[in-house]
Amino acid sequence: MSNKLSQLKEFTTIVADTGDITAIKDFLPQDATTNPSLMLKAAQIPEYAPFLDQAVAWAKTQSNDKDQQVLDAGDKLAVIVGTEILKYVPGRISTEVDARLSFDKEATLAKARKLIALYEEAGVSRDRVLIKAASTWEGIKAAEELEKEGINCNLTLLFSFAQAQACAEAGVYLISPFVGRILDWYKKSTGQEYTAVTDPGVVSVTEIYNYYKQHGYQTVVMGASFRNIGEIEQLAGCDRLTISPNLLEELKKDEGKLERKLVPTTDVKPAPASITEAAFRWAMNEDAMATEKLSEGIRNFAADQRKLEETLRSML
């Protein structure tokens with residue numbers, strides 16, 4: 001029998017949740033995704049030093065203002081790393097908009113367009129890139145406009161059904177519901193332990209997946225932020241799963257049988273009325289887990305972005 005990673009690939013597209021090119025070469029995923037935290041880790045890998053040098057050198061040609069140079073170098077580094085990763089994956093790379101722009105629709109639009117322009121200057125067409133943004137109301141509305149421009153988006157830091165509903169109605173290409181971080185919150189909040197079946201993150205993604213299929217939404221569901229392979233096994237059959245190298249390795253070494261859990265329905269029903277901004281914000285207000293984890297995720301990504309920028313600033 002083939003290993004569980006090979007079995008999983010039969011009905012779920014595997015995405016590598018890493019900026020480490022060596023790991024991507026090892027596991028041969030369809031796509032790859034990065035975020036500020038992964039970029040910060042990648043920047044500390046010795047093999048990445050030339051990429052940092054290249055980004056800084058380019059930034060110096062764009063502006064005489066050091067603060068602007070830091071921002072430009074960060075954008076360029078993300079694109080350089082993304083372009084390098086695309087040499088080893090046949091699909092797409094997800095590149096994240098600065099988390100500090102999560103509540104500014106227009107700034108998110110400007111940053112997304114800039115990143116796409118940098119990719120296109122590097123010879124990478126926009127159909128190989130997903131722009132990542134936080135699933136705030138502003139991020140979702142920015143993505144709605146970007147999709148109409150042919151810029152596909154990956155809405156991340158997604159913890160609630162309201163976020164998922166708004167993303168689908170906005171025509172977002174892909175969402176990344178965070179399984180493990182939902183589990184983390186419930187374990188801390190309730191003091192309980194959960195099985196893979198009762199895992200609140202697994203339950204959430206299953207509900208979203210079934211809702212999308214029931215109503216014919218084309219938005220791709222990509223489970224993310226896994227804590228163990230049990231969560232992954234319970235979501236086998238999900239459109240995509242983005243998995244860290246250590247969990248990919250566990251799946252690769254496991255020769256057990258993997259059963260498909262998620263199967264799309266063939267009975268498609270009309271979609272309900274669209275969620276309004278007021279209803280979205282109220283739903284988030286009522287969901288303590290989603291509100292807290294979204295805010296925490298944005299803060300942590302912003303903190304890692306600042307750390308990365310400190311490194312780049314020291315090189316200017």
Side-chain angles (χ1 to χ4, degrees), residues 15-25 29-45 47-63 65 67-102 107-134 139 142-143 146 149-156 173-174 176 242 301-302 304-313 315-316:
V15 179
D17 194 12
T18 180
D20 184 347
I21 293 167
T22 301
I24 290 168
K25 290 179 184 177
Q30 174 69 20
D31 298 336
T33 181
T34 63
N35 61 44
S37 302
L38 295 175
M39 288 297 299
L40 180 63
K41 290 179 183 176
Q44 295 161 3
I45 299 172
E47 290 81 1
Y48 276 56
F51 298 156
L52 272 73
D53 291 338
Q54 186 180 340
V56 167
W58 178 85
K60 288 179 178 178
T61 69
Q62 301 301 302
S63 172
D65 180 81
D67 290 339
Q68 186 59 48
Q69 288 176 347
V70 170
L71 294 174
D72 287 341
D75 292 339
K76 186 66 172 178
L77 178 62
V79 170
I80 291 170
V81 171
T83 301
E84 187 68 18
I85 288 172
L86 285 174
K87 295 177 182 177
Y88 305 102
V89 298
R92 298 181 183 240
I93 181 70
S94 287
T95 297
E96 192 142 351
V97 168
D98 189 335
R100 293 168 293 189
L101 307 179
S102 296
T108 296
L109 285 168
K111 181 68 77 173
R113 290 166 181 150
K114 179 183 178 183
L115 289 168
I116 288 295
L118 288 173
Y119 268 113
E120 290 180 337
E121 287 172 14
V124 176
S125 60
R126 63 181 58 190
D127 63 358
R128 297 205 67 199
V129 181
L130 292 178
I131 293 295
K132 284 179 78 176
L146 292 168
E149 297 174 16
I151 298 173
N152 292 145
C153 298
N154 171 354
L155 270 288
T156 188
Y173 181 83
L174 179 148
S176 296
T242 180
F301 280 164
D304 284 342
Q305 182 69 30
R306 285 191 288 268
K307 290 176 186 175
L308 178 60
E309 288 175 357
E310 287 170 11
T311 299
L312 295 169
R313 185 179 293 275
M315 298 173 65
L316 286 164

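Sequential numbering from 1 along the given sequence is applied to the chain's residues. From a predicted model like this one, the values you see are computed outputs, not experimental measurements.
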Visitor: Any carboxylate oxygen within less than 4.0 angstrom of a Lys/Arg side-chain nitrogen, looking at Lys25 and Glu47?
Guide: no
Visitor: What pairs with Ser102 under side chain to side chain donor-acceptor pair (under 3.5 Å), at least two apart in sequence or on another chain?
Guide: none
Visitor: Would Leu77 and Tyr48 satisfy side-chain contact (heavy atoms from CB on, under 4.5 Å), going step by step from the backbone distance to the final call?
Guide: CA-CA 10 Å; Leu77 178 62; Tyr48 276 56; 5.7 Å; no
Visitor: Is there a donor-acceptor pair closer than 3.5 Å between any side-chain N or O of Gln69 and the backbone N or O of Ser63?
Guide: yes
Visitor: Within this structure, what is the CD-NZ distance for the pair Gln44 and Lys307, rounded to the nearest 0.5 Å?
Guide: 9.0 Å
Visitor: Where do Ala112 and Leu146 come nearest, in terms of heavy atoms and distance?
Guide: CB-CD1, 3.6 Å
Visitor: Does either side chain, that of Asn154 or that of Arg92, offer a donor lying less than 3.5 Å from an acceptor on the other one?
Guide: no
Visitor: For the atom pair CG (Asp53) and CG (Leu312), what is the distance rounded to the nearest 0.5 Å?
Guide: 10.5 Å
Visitor: Is it the case that the side chains of Ser125 and Asp127 hold a donor-acceptor pair, with the cut-off being a distance below 3.5 Å and no angle test?
Guide: yes
Visitor: Do you know the tightest heavy-atom contact between Ala99 and Ala302?
Guide: CB-N, 3.9 Å
Visitor: Would you name the heavy atoms of Thr108 and Ala133 that are closest together and state the gap between them?
Guide: CG2-CB, 4.4 Å
Visitor: If you measure from CD1 on Ile151 to CG on Leu130, what distance do you get to the nearest 0.5 Å?
Guide: 11.5 Å
Visitor: Closest approach of Ala55 and Lys76, non-hydrogen atoms and distance?
Guide: CA-CG, 4.0 Å
Visitor: Which pair of heavy atoms, one from Ala32 and one from Ile24, lies closest together, and at what distance?
Guide: CB-CD1, 4.0 Å
Visitor: Shortest non-hydrogen contact from Ser37 to Asp304?
Guide: OG-OD2, 2.5 Å
Visitor: State the CG-CG distance between Leu71 and Asp67, to the nearest 0.5 angstrom.
Guide: 7.0 Å
Visitor: Counting only N and O atoms by type, is there a donor-acceptor contact under 3.5 Å from the side chain of Ser94 to the main-chain atoms of Ile131?
Guide: no
Visitor: For Leu316, is there any backbone N or O sitting under 3.5 Å from a side-chain donor or acceptor partner on Lys60?
Guide: no
Visitor: To the nearest 0.5 angstrom, please state how far the CE atom of Met39 sits from the OG1 atom of Thr34.
Guide: 6.0 Å
Visitor: Decide side-chain contact (heavy atoms from CB on, under 4.5 Å) for Asn152 and Leu174; before the verdict, give the C-alpha distance in whole Å, the side-chain angles of both, and the deciding distance to 0.1 Å.
Guide: CA-CA 8 Å; Asn152 292 145; Leu174 179 148; over 6 Å; no
Visitor: Taking distance alone, no hydrogens or angles, what donor-acceptor pairs closer than 3.5 Å link side-chain atoms of residues 113-123 to residues at least two apart or in another chain?
Guide:
from: Arg113; atom 1: NE; to: Glu149; atom 2: OE1; distance (Å): 3.2
from: Arg113; atom 1: NE; to: Glu149; atom 2: OE2; distance (Å): 3.4
from: Arg113; atom 1: NH2; to: Glu149; atom 2: OE2; distance (Å): 2.6
from: Lys114; atom 1: NZ; to: Asp72; atom 2: OD1; distance (Å): 2.5
from: Lys114; atom 1: NZ; to: Asp75; atom 2: OD2; distance (Å): 2.9
from: Tyr119; atom 1: OH; to: Thr95; atom 2: OG1; distance (Å): 2.6
from: Glu120; atom 1: OE2; to: Arg126; atom 2: NE; distance (Å): 2.9
from: Glu120; atom 1: OE2; to: Arg126; atom 2: NH2; distance (Å): 3.3

Visitor: Does Asn35 reach the side chain of Thr156, with side-chain heavy atoms less than 4.5 Å apart?
Guide: no
Visitor: Check residues 79-90 and write down every donor-acceptor pair under 3.5 Å in which the side-chain atom is one partner and the other belongs to a residue at least two apart or another chain.
Guide:
from: Thr83; atom 1: OG1; to: Val79; atom 2: O; distance (Å): 2.7
from: Glu84; atom 1: OE1; to: Lys87; atom 2: NZ; distance (Å): 2.9

Visitor: Should Glu310 and Val70 be marked as a side-chain contact (heavy atoms from CB on, under 4.5 Å) after you check the CA-CA gap, both sets of side-chain angles, and the distance that decides it?
Guide: CA-CA 8 Å; Glu310 287 170 11; Val70 170; over 6 Å; no
